[in-house]
Structure formats: C-alpha cells, structure tokens
Amino acid sequence: MLEIAVLRTNAESVKQRLAVKNFKEMNLVDEVLAVDENRRNIQKQLDDNLARQNAIAKEIGDLFKQGKKDEAEQRKQETALLKEDSKNLEAELSKLEYEQRDILVRIPNLPSASVPKGNSPEENEVVKQAGEIPALSESALPHWDLAKKYDLFDLELGVKITGAGFPVYKGKGAKLQRALISFFLDNAIEAGYTEVIPPHIVNEDSAFGTGQLPDKEGQMYHIGLDKFYMIPTAEVPVTNIVRDEILDEKKLPLKFAAYSPCFRREAGSYGKDVRGLNRVHQFDKVEIVQVVHPDRSYSVLEEMAAHVEGLLKKLELPYRILRLCGGDMSFASALTYDFEVYSTAQKRWLEVSSVSNFETFQSNRMKVRFRDENKKTRLVHTLNGSALALPRIVASLLENHQTENGIRIPAALKPYTGFDFIV
RNA sequence: GGAAAGAUGCCGGAGUGGUCGAACGGGACGGUCUCGAAAACCGUUAUACUCGCAAGGGUAUCGAGGGUUCGAAUCCCUCUCUUUCCGCCA
C-alpha cells in the first residue's frame, strides 16, 4: 500500500512511475486524493465537535462539584445536538476511511528507477547468464521420465491421495528434498540469517499484510471455517513477525530464513508448462526475508541476489538473472530479480527464485516502523527472496546432471544426501 | 470439550463514573557528580489521525467492537485471546 502522503505531494510523478508498470486504472490516484481531502475535512469537523463536547462535559463536572445542580442540568441539553452531529460525522468518516483504504490497496507499488519498461516476460532485462549448459545426448530425458526411471516421485499417486499437482516423493527423491532444504537453510544461517519455523496457516491480517489479500485471494487455499489461509510462501508468516512493531534501529537489519511447504491453487496453464514438477500446488521452499533501514534496502537486495546466485553455483546449474520489466513485476514489488535455471531436456528456462525489494509497500500495510535518530517513527523496507524453491531446482538438477551412470549429485550437496549418484 | 479467573503504557502493577494518557516501582535514555564506572540526585520516556510555516493546538486509543451517560480504563452487551484446574492426546 502506497503512503497517502506520497500521493498527496507527488501525484504526477506517481502516475508516471505507475505507467512503467502498465497500470491501467490511473484514475484511482485522483479518486483516492479526492476521498482523502474529503476525509480530512470531515475529520476536522468531528474533532472540533468532540472538543466542544469535552469542554461542556468538563464544565458540567465543575458545576456539580460547586453544587450548582440546576445550571448543570441546563447545560446538559446543549450537547444533544452536538452528539447527533458527531454520530453522523463519525459514520461519514469511517465510510471515507474505508473507501480510501479500499482504493489505496488497489494501486500497485511504484517501480524503482532502474526498472525497464515493458509488458511481457520477453522484455525482462537479462542481467547475467552463467554456468555451463551441458551438451546432453539425444536420449536425454526430461525430469518426469527420469523420476519414473529412478522412482523419485509419483504424481499419479498424489492424484489419488489429493489431486493433480501434489507430488509424492519417494526413496532418493524424498531424501533429495530433505537434503536440499537442509543445504539451503545451512547456507542461509551461514550468511547471518536466523532460522524460523513459522505456522503454515495464517489469519486474514497476515495475508493482508504482505499483500496476498485482497488481490491474490484466489491463489491461496482458504480454510473458510476458521478464516485461515494456507501459506503460498513463508514470506507471509515470516514478514508478519514484525507486523505492528516499532523496531529498534540498532537491531536492523532483521534477517530471517524459513523452510516451509508452499500451497498454491493457481489455475495453471496446459501441457509442457505444468508437466512434472514445473508447476505444482504444493512444494517446498526456503525463503529469506530482511527487514532493513530504508537507506540500505537496495544494497541489501544485491546482497540477497548474490546469496541466491551462490546457491545456484554450488549446485552447478546453468542460470541467468533477470531484472523484471514493469509489466512483469508483482503488484507489491519495487524491483525484482528473477533467477532461472536452464532445463536442458526441456530446452527452456525455469524460474526458481524471485528476489524483491518492497520498499515501504508492505511495511505501510503492516505498520512496521523503526525509531530514527530524531526519535521519529519511520517505515522500514522489507525484502524477500526464494533461496530456493525446490521443484524446478530438482527438475533442473535431474536433467542437467544425468549421465549414463545415473544422476550425479553436486559435490556441495553430497554431505546432505549421503550419496553421490542416483542409480 | 467442561470449570474458573483475567486482559491497563517497554515491563511489573494501581486505579471501579469527572481535573486519568493514566499513581507507584522497574527498565531505557539524557544530565549532575566521577579520571572512568557504580551509587545517588534531577529530568525525559506511547501511537495514530488532524490543524499549523513553526512554536504549539485538537481528536482518538487502558484486548476488539457496540451500548448507557453531560462525562467511561471504571457500568452493560457481544466477540477474541491468555492463564489455571479437569478431560483428551502426538
């Protein structure tokens, strides 16, 4: 959620930047400003009214103390009209407050200055490409066939138990999952992150805080009876750790890493896009989250991106880093780097991580502040990134490292799997 | 699931209709003292909205929402949560 004060003072430049994101409902900016002006007007009237009521109440109290009962009784009548007015003004005010928020939450975050214009994924900027794309033989298999060959995971079995997109990992396939999770967590801890194990189900306030509600409601599994949501990413419970907090500036940055399963309903597309592990409803992910001083969020973003890159290097996977264009960025992000690994058998890039700076977009919703040197409260910046999401890493790992002797496990992962080949 | 008690500021804890944004204690911060520290003493110590160039005002908030009243932390209703006991249980 953008800060209303920013809109108030820079409406035109806000619109220019929203245009980079191809924001279509530019009229919302003017609408919210109109509501805001109205709201402040009503607020002033209400406050003045209440101030008068308070003053009269105090006088009545004094009169009673002096024993002037008749006079006091008379004064009581003065407030009747004021009370009636206040009631109406209060109703009007809360209506306007609701309206203002309702509009505000529909305006996306402003893209940072370095975000390229563009509408589609093709217009994302390739910042870097590295790692060797192995030359595989014609008989190289896509990961879903490898999974069958080595009995690593079973999607049909998941269909029986739950439905499409809920894989059952087995044997070395299961061990590989566990190994990757530990590997990612250990790397994060080494980089100074504090490991947390959050709830996998959150309430509405938390889902709202990170921006999943209201606009991504359909993407989450909803537990209607209790008004809970299954988390689509650990970002939600972890970032909400600091919701409604005023943090000590000296304690910044806060760095959290969390493993969690992730649940996504997303109505998928068809065919190759969703084959195998390319897109599933339940998957495992290690997420890193930072809560930082606003002056440092962009250098932290680079630091987090470097962390993710380090993981991909250790896994010996060919990858590339994209700076997302305005049209491809998420609603809440100010700048996003996507990481993709090359799936050799499928001959395409698969997104495995997204590292974003949200600036104050989330903290404004969640009211996460810190006290600066002048003792003023200011909103923090929040960032997060996948480090990493497992299914496509597994897909790429299986495909890129397949050999005639089985699937080779990268050296960095061996201590975690306990085996160096899947045969 | 059954029963009881409770929810007040950074923490502990008082306050049961009027001057209470809230006693008192602790903590933290600033100052005096000191070579420095401790102790002692003095002072400061909520958030949000809003008016104002500013100084400085106004309003709201004592778990949440509603109600009674000229006036509510204090009375009434609803909800949520916490603690303890019992039951059940990985």
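Quick note on labels: first sequence line is chain A, next is B, and so on, each numbered from 1.
- Rounded to a whole angstrom, the distance from the C1' atom of B:G30 to that of B:G13 is 26 Å.
- Within the structure, salt bridge (Lys or Arg N to Asp or Glu O under 4.0 Å) pairs that include any residue of residues 5-20 of chain A comprise A:Arg8-A:Asp36, A:Glu12-A:Lys15, A:Lys15-A:Asp30 (at least two apart or interchain).
- The partner of B:U44, taking Watson-Crick or G-U wobble pairs whose two distances both stay under 3.5 Å, is B:A28.
- Across all strands shown, B:A22 has no partner, as no Watson-Crick or G-U wobble contact with both distances under 3.5 Å is found.
- Nucleotides B:G66 and B:C11 have their P atoms positioned 25 Å apart, rounded to a whole Å.
- Nucleotides of RNA chain B that come within less than 4.0 Å of any heavy atom of chain A span, from the 5' end to the 3' end, B:G18 to B:G71.
- Checking each of A:Arg392, A:Gln346, A:Glu351 against A:Asn278 for a side-chain hydrogen bond (donor to acceptor under 3.5 Å, both in side chains) leaves exactly one that passes, namely A:Gln346.
- Using a 4.0 Å heavy-atom cutoff across all strands shown, A:Arg8 reaches sugar-phosphate atoms only and no base atom.
- If you look at A:Phe183 and A:Tyr416, their ring centroids are closer than 6.0 Å.
- Within the nucleic acid shown, A:Leu50 comes within 4.0 Å of sugar-phosphate atoms alone, with no base atom in reach, counting heavy atoms only.
- Nucleotides B:G52 and B:U44, compared at atom C1', are 25 Å apart to the nearest Å.
- Partner assigned to B:C33 is none, using Watson-Crick or G-U wobble distances below 3.5 angstrom.
- For residues 34-47 of chain A, proximity to RNA chain B is found at A:Arg39, A:Arg40, A:Gln43, A:Lys44, A:Asp47, defined as any non-hydrogen atom under 4.0 angstrom from a strand atom.
- Between the side chains of A:Glu92 and A:Gln45, no donor-acceptor pair is found at a separation under 3.5 Å.
- Only the C1' atoms considered, B:C24 is 23 Å distant from B:U61, to the nearest whole Å.
- Cation-pi geometry between A:Lys285 and A:Tyr259 is not satisfied (NZ or CZ under 6.0 Å from the ring centre, within 45° of the ring normal).
- Across every strand in view, B:G71 sits unpaired, with no contact that passes the Watson-Crick or G-U test at under 3.5 angstrom.
- When the P atom is compared between B:G63 and B:U16, the two are found 15 Å apart, to the nearest whole Å.
- Within the shown strands, B:U78 is the pairing partner of B:A64 under the Watson-Crick or G-U definition, both distances less than 3.5 Å.
- Of the nucleotides present, none pairs with B:A55 by Watson-Crick or G-U wobble criteria with both distances under 3.5 Å.
- Applying the Watson-Crick and G-U wobble criteria (two distances, each under 3.5 Å), B:C85 pairs with B:G2.
- Put simply, the side chain of A:Leu388 does not reach to within 4.5 Å of the side chain of A:Val286, judged on heavy atoms.
- Side-chain contact, A:Gln362 with A:Thr382: a donor N or O sits under 3.5 Å from an acceptor N or O.
- Spacing between B:U74 and B:U69 at atom C1', rounded to whole Å, works out to 13 Å.
- For B:A54 and B:G18, the C1' atoms lie 35 Å apart once the distance is rounded to whole Å.
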Which donor-acceptor pairs under 3.5 Å do the side chains of residues 157-171 of chain A make with protein atoms, sequence neighbours left out?
unit_1: A:Lys170; atom_1: NZ; unit_2: A:Asp151; atom_2: OD1; d: 3.2

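- Residues passing the ring-ring contact (aromatic ring centres under 6.0 Å, His included) test with A:Tyr229, sequence neighbours excluded: A:His222.
- Residues passing the side-chain contact (heavy atoms from CB on, under 4.5 Å) test with A:Lys76 are A:Ile60, A:Phe64, A:Glu73, sequence neighbours excluded.
- Within 4.0 Å of A:Asp62, counting heavy atoms only, lies no atom of the nucleic acid at all.
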